[in-house]
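Report on the structure given below.
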Amino acid sequence: MALAILARRRAAEAVLRRTLAPVSAVSAVSAWRATYAAAAAAEEESDVVVVGGGPGGYVAAIKAAQLGLKTTCIEKRGTLGGTCLNVGCIPSKALLHSSHMYHEAKSSFAHHGVKISNLEVDLPAMMAQKDKAVSGLTKGIEGLFKKNKVTYVKGFGKLASPSEVSVDLNDGGSTVVKGKNIIIATGSDVKSLPGITIDEKKIVSSTGALCLSEIPKKLVVIGAGYIGLEMGSVWNRLGSEVTVVEFAPDIVPSMDGEVRKQFQRMLEKQKMKFMLKTKVVGVDSSGDGVKLTLEPAAGGDQTVIEADIVLVSAGRIPYTAGIGLESIGVETDKAGRILVDKRFMTNVKGVYAIGDAIPGPMLAHKAEEDGVACVEFIAGKEGHVDYDMVPGVVYTHPEVASVGKTEEQVKALGIPYRVGKFPLLANSRAKAIDDADGLVKVVAEKETDKILGVHIMAPGAGEIIHEAVLALQYGASSEDVARTCHAHPTVSEALKEACLQTFAKAIHI
């Protein structure tokens with residue numbers, strides 16, 4: 001054993017000497033540790049090798065280690081947490097919160113007797129707060145890896161065989177990590193649009209929209225989905241004139257129709273503009289700003305609008321190209337998603353896939369559930385993820401959260417149903433805090449009263465929705481929730497009242 005350890009150290013030192021230019025002592029130590037970890041991973045076969053350190057990948061790695069499996073996680077970014085933590089969920093929520101605080105101070109504080117003079121945005125400080133949150137959380141995951149004895153290899157992993165991953169190390173050189181089971185957790189990437197080149201300067205993805213150096217006077221968002229509306233809200237609150245261009249006839253097509261209409265009215269009230277049923281047919285960024293040529297989705301006269309910044313937010317695609325899937329015969333669909341069975345195994349024995357790389361909602365929390373269930377199967381246990389029970393949240397203000405089926409989906413299935421709705425205008429807590437725009441809508445099966453879907457537009461909807469998730473998970477009826485005591489005054493009481501309205505009649509309307 002001592003000889004093996006010595007050999008690994010010497011191998012690591014050799015790679016280090018070949019790849020390191022003169023650097024600081026701290027950088028050298030960090031590079032040595034990374035190279036040593038890679039050499040150690042190459043020396044011994046792991047029970048589980050996870051390719052990708054995002055929400056699905058790092059959670060899978062930690063869970064596997066907790067189940068007693070020797071685990072290695074390979075991540076190319078050099079920081080753990082994937083898109084979500086580094087350039088997605090976390091930094092966007094930081095900016096959403098900061099921009100909301102500014103907007104409240106500017107537009108609402110005076111109504112509550114709080115007067116502020118000389119209010120201004122310090123954008124560098126706002127960005128620094130966001131970056132601090134990201135840095136702290138990524139380092140926290142590294143700490144969890146150490147605590148659970150997960151080997152962390154920094155580099156780009158590519159499948160070499162059903163039991164080997166070739167890694168181009170971030171600090172130079174390469175290695176091969178061997179594993180009895182390989183989990184592909186490579187996540188997703190920004191979806192580009194034909195004829196539009198994202199330069200992350202004037203034409204940006206969500207990544208670029210998170211680190212603009214100044215507040216644009218005019219911002220055009222292409223795509224009215226979750227990400228586009230959230231990032232549009234950030235810059236709208238900070239003073240940008242925001243126009244959202246969407247090819248479809250509606251914003252957030254997956255949202256319940258009635259809630260969607262109210263949501264759009266709320267965003268328009270906040271001075272966001274929408275151009276629906278509209279397509280972008282040309283982009284000119286040769287000047288100081290960007291000129292976009294638009295025309296109706298069904299065809300017609302063209303118009304030109306100008307912007308300082310254009311955010312392309314047309315969705316995401318699985319990151320599965322160039323990682324060696326073809327070389328070992330892993331099957332994918334036309335969209336590039338890896339096909340798996342109910343145990344998350346691909347058609348190649350010992351190779352699994354989870355998260356955005358496979359079919360299903362492209363959400364961080366869905367990927368986490370995939371990761372846990374996948375390693376439970378590998379460990380000989382049972383795992384399960386019900387994609388019908390995965391909540392979705394738009395973190396604007398008010399937030400919009402939902403779980404289960406929309407009224408349109410239930411109607412299309414031909415299921416007899418009842419609907420109960422309760423406006424926040426009748427909720428005492430919402431009125432007390434002067435934040436009463438929104439509603440709660442419950443859809444339940446008519447005969448059994450079983451809840452089929454819940455849709456909430458309210459401040460804190462992303463927190464309230466979990467009561468509904470639990471209700472659906474255990475097959476609760478609207479009466480079950482309505483007869484459950486809720487603290488008063490709370491916005492959550494609106495869900496209780498909506499359930500009362502579904503099976504009987506609400507008290508406060």
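Since the model is a prediction, treat every value here as computed from it, not as a measurement. Position 1 is the first residue of the sequence; numbering continues from there. Because only heavy atoms are used, hydrogens play no part in the values below, and waters and symmetry mates are left out as well, while side chains stay in.
Without hydrogens or angle criteria, Q501 side chain to G420 main chain gives no donor-acceptor distance under 3.5 Å. Judged purely by atom type and a 3.5 angstrom limit, N170 uses its side chain to pair as donor or acceptor with the backbone of K76.
Counting heavy atoms of neighbouring residues, nucleotides and ligands inside a 6.0 Å radius, atom NE2 of H97 does not exceed 12 of them. No more than 12 heavy atoms of other residues, nucleotides or ligands sit less than 6.0 Å from atom CG of D288. No more than 12 heavy atoms of other residues, nucleotides or ligands sit less than 6.0 Å from atom CD of E463. Around atom NZ of K93, more than 12 heavy atoms belonging to other residues, nucleotides or ligands sit under 6.0 Å away. Counting non-hydrogen atoms of neighbouring residues, nucleotides and ligands closer than 6.0 angstrom, the NZ atom of K130 exceeds 12 such neighbours. No more than 12 heavy atoms of other residues, nucleotides or ligands shown are found within 6.0 angstrom of CG on D301.
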Given side-chain hydrogen bond (donor to acceptor under 3.5 Å, both in side chains), test D256 with T406 step by step and report yes or no. CA-CA 5 Å; D256 180 88; T406 65; 4.9 Å; no
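A side-chain donor-acceptor contact under 3.5 Å links Y387 and D370. Checked by atom type, the side-chain pair T79/N86 shows a donor-acceptor distance below 3.5 Å.
Remark: of the listed residues K191, E200, R316, E200 is the sole one forming a side-chain hydrogen bond (donor to acceptor under 3.5 Å, both in side chains) with S205.
A salt bridge between E258 and K441 is present, with a side-chain N of the basic residue lying under 4.0 Å from a carboxylate O of the acidic one.
For the salt bridge (Lys or Arg N to Asp or Glu O under 4.0 Å) test, no residue two or more places apart in sequence or in another chain qualifies with K217. Taking H103 as the reference, nothing meets the ring-ring contact (aromatic ring centres under 6.0 Å, His included) condition, with sequence neighbours excluded.
Looking only at side-chain heavy atoms (C-beta outward), V50 and Y58 stay at 4.5 Å or farther from each other. Put simply, the side chain of I456 does not reach to within 4.5 Å of the side chain of V400, judged on heavy atoms. Side-chain contact between C374 and I183 is present, with heavy atoms from C-beta onward closer than 4.5 Å.
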